Amino acid sequence: MDEKFLWGSATASYQCEGAWNVDVKAESMWDRYLHENDLENGDVASDHYHRFEEDIRMMKEGGQNSYRFSLSWPRIIKNKEGDINEKGIKFYHRLLDACHKYDIEPFVTIYHWDLPQYWEDEGGWVNPQVAYAFEHLAKVCFEHFGEKVQNWTTFNEPKWFIVNGYFIGNYPPGLQDVQKTMIGAYNVMLASALGVRAFRAGNYQGQIGIVHSYTPVNGIDDTIETKIAMRYADNYCNNWILDTAALGEFPIDLVAKLAQDYDISFMKTEELKIMKENTVDFIGLNYYARTLVKPYTEGETQLVFNHSGKKGESKVVIKDWFEQVKDPNSEFTEWDTEIYPKGLQDGLIEAWIRYQLPIYVTENGVGVREDVTVAQVNDDYRISFMNDHINAIMNAMDYGVDVRGYYAWASFDLYSWKNGVEKRYGLVAVDFKKDQIRKPKASYHWYKEIIESQGKKIQRRALD
Ligand code: BGP
C-alpha cells in the first residue's frame, strides 16, 4: 500500500445526520415510512448535522485520510421542480470545508437511499422521471461541490435498496412486485449513467464510480446444476449492477430469462445507449459476506431478512433459480451475516478479472450489540474482523488487483435502518441515550496504528 491509498471510514446521510426537518429539508421516503409505521427512526440519529466537525476531527486524530459520506437529496432539492435549498448546500460546504481543514479526502455518494417523499409520491424509482430528476441532482452537486471533491459515486448499493424496497418489501416503499423491481432496477442504472454523463460533460475534476453491495457467489459443489444456480445467483446479486455500470450492458442471459415471464418493453434503445456510453471510472465494493448457493429444489420464493438480531431467521430461495445455504463451518453474527474474509479476497480477484477497473472497498464492518457506557468499548472481535478483511485485500493486491482504498463501516455508531441503533458498527461509540457522547473504541486506536504502518502491522495469512 502506498501513501496514496485511502484509509477511511464511511457513513450515510439518513443514518447519521439527524436534523430530519431542519433548515428547509424536505421529507424523505424513509422519514415517511418509519414515522407511518411507528418504527425506530433516524430523526436524531448520531446528530452528525450538528457534530460533523468533531466527527471529522476524530477521523484525523485516528490517522484516517478519507471520509465516505452521502448527500441527502431532500436536503439539497426542495421540490419536484428542482429548486435548490441554499441551506442544504451551505451545510455540505461546511462539511467539505471541515474535511479539507483536517486533510481528509472526501469520497462522496450522491444517493444513499433517502429519496425525497415528493418523488416517492410520484411512483418513486418505478417512474422514469425520477432517473432524470437524479440527473438534475447530480448536476447541482457537481456544480456546487465540484471544486472540493475528487471522488464521486452515483449510487450506494442499487441492488440492496431496489430488492429490499420492491421485491422483499422490508424497506420503503415496502412492495413485493417483480415487474416493479425490474423497472426500478432499470431506472436506477439509467440514472447512474445519466449522472456519469453529466459529470463527463461538465469536465469536472476527479473520477466517478458506483458502489455495490458485493456478495461474491460460491457453490456447494462442482456439479453443472450448482454452476447454473451460481450464475442465477450472481446475476441476481451482482451482475446487473456491475456489468451494467462497468461494461454498459445488462447480463444478456438475465434479460432473456426475465423476458420469458415479464414485460421488458420499458427498456428503451436510446437509454440502453446512454448506459453503454457512460460507464464508470472505478467500482466501489461494500463487502459484508458472500452468497453460498445450491440448486433450487422446491417451494415458492422466500426472502426473509433478520432485522431482530436473533440468529437463524434469514432465508433466501428464488423459485427455479437458486437457494442460499449456510456453511455449517462458518461463524455468523446475531443478524445471520457470515464472517468470511476469503470471500473478499476471491471477490476482488473476480471483479478485477471481469472489469479491469480500480476498486475501492467502500464498506466493511461487523454489526454487534455493545455496551457503550463503559470507559472504552474493547471490541477485539471488530479488530480481528478488520484485520482478516484487510489481510484479504492485501492478498488480492499481491495477486495484482488494483485496490485503492478501504473504508470501515462505520466512522461512528449510527442508525442501522430496520435494525435501529442497537446494531453497532462504529469505530467510535455514540451514547444515543446520553448526550450523544463520542468515545473511541479499541478498534479506532488499532486502525490508527495499521494506517500509520501502511498495513504492515496487519497479521498476514494465506486464505485457501
Ligand atoms: C450497507 C449499507 C449501509 C449499512 C450497512 C450495514 O448495505 O450501505 O447503509 O447500513 O450495509 O447494514 P445494516 O445497517 O442493515 O446492518
Side-chain angles (χ1 to χ4, degrees), residues 8-17 28-30 33-34 39-42 45-46 48 67-73 107-115 153-165 168 170-172 188 192 209-216 237-238 241 283-291 303-311 313-314 316 332-339 343-344 347 360-370 381-382 385-386 389 406-427 430 432:
S9 56
T11 66
S13 49
Y14 184 75
Q15 296 182 267
C16 70
E17 286 178 3
S28 77
M29 75 191 298
W30 277 91
Y33 171 84
L34 295 168
L39 294 168
E40 193 176 333
N41 59 52
S46 325
H48 189 56
Y67 176 32
R68 174 173 178 250
F69 61 93
S70 75
L71 306 173
S72 159
W73 184 343
F107 199 98
V108 178
T109 310
I110 301 173
Y111 183 86
H112 198 129
W113 308 355
D114 40 0
L115 186 73
T153 61
T154 54
F155 281 86
N156 180 71
E157 300 192 347
K159 188 250 169 169
W160 205 255
F161 75 85
I162 288 294
V163 164
N164 286 27
I168 304 175
N170 57 330
Y171 280 6
V188 170
S192 180
I210 194 165
V211 169
H212 170 53
S213 44
Y214 194 32
T215 57
C237 293
N238 304 308
I241 300 97
I283 51 182
L285 298 175
N286 293 349
Y287 181 80
Y288 292 89
R290 65 164 167 174
T291 301
L303 297 152
V304 184
F305 262 80
N306 175 346
H307 289 302
S308 66
K310 285 188 210 118
K311 259 190 191 170
E313 281 187 356
S314 62
V316 177
F332 291 83
T333 72
E334 299 293 303
W335 280 266
D336 292 331
T337 306
E338 184 182 11
I339 299 183
L344 179 55
Y360 295 81
V361 175
T362 34
E363 282 180 32
N364 175 238
V366 61
V368 288
R369 292 187 178 91
E370 286 166 329
Y381 38 86
R382 185 168 288 109
F385 180 96
M386 287 174 71
H389 285 79
Y406 173 84
Y407 293 82
W409 183 266
S411 310
F412 43 83
D413 290 336
L414 34 67
Y415 170 77
S416 166
W417 306 110
K418 291 288 281 290
N419 315 306
V421 290
E422 71 164 339
K423 188 179 186 186
R424 292 174 183 271
Y425 283 92
L427 297 171
V430 176
F432 299 106

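One-based numbering, in listed order, for ligands and for the atoms of each. Position 1 is the first residue of the sequence, and the numbers go up from there. Since the model is a prediction, treat every value here as computed from it, not as a measurement.
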> What is the ring orientation for Tyr111 with Phe155, classed by angle as parallel under 30°, tilted 30 to 60°, or perpendicular over 60°?
Replying inline: tilted

> Less than 4.0 Å between a side-chain N and a carboxylate O, is that true for Glu363 and Arg68?
Replying inline: yes

> From Asn419 CG over to Tyr425 OH, what is the distance, rounded to the nearest 0.5 angstrom?
Replying inline: 6.5 Å

>> Students often mix this up, so state it plainly: with edges at 30° and 60°, are the rings of Trp30 and Tyr33 parallel, tilted or perpendicular?
In response: perpendicular

>> Checking side-chain hydrogen bond (donor to acceptor under 3.5 Å, both in side chains) between Asn286 and each of Asn364, Thr215, Asn156, which is the one that passes?
In response: Asn156

> Which of these passes side-chain contact (heavy atoms from CB on, under 4.5 Å) with Ser213: Trp160, Tyr287, Phe161, Tyr288?
Replying inline: Trp160

> In order of chain and number, which residues sit within 4.0 Å of ligand 1 by heavy atom?
Replying inline: Gln15, His112, Trp113, Asn156, Glu157, Asn286, Tyr288, Glu363, Trp409, Ser416, Trp417, Asn419, Lys423, Tyr425

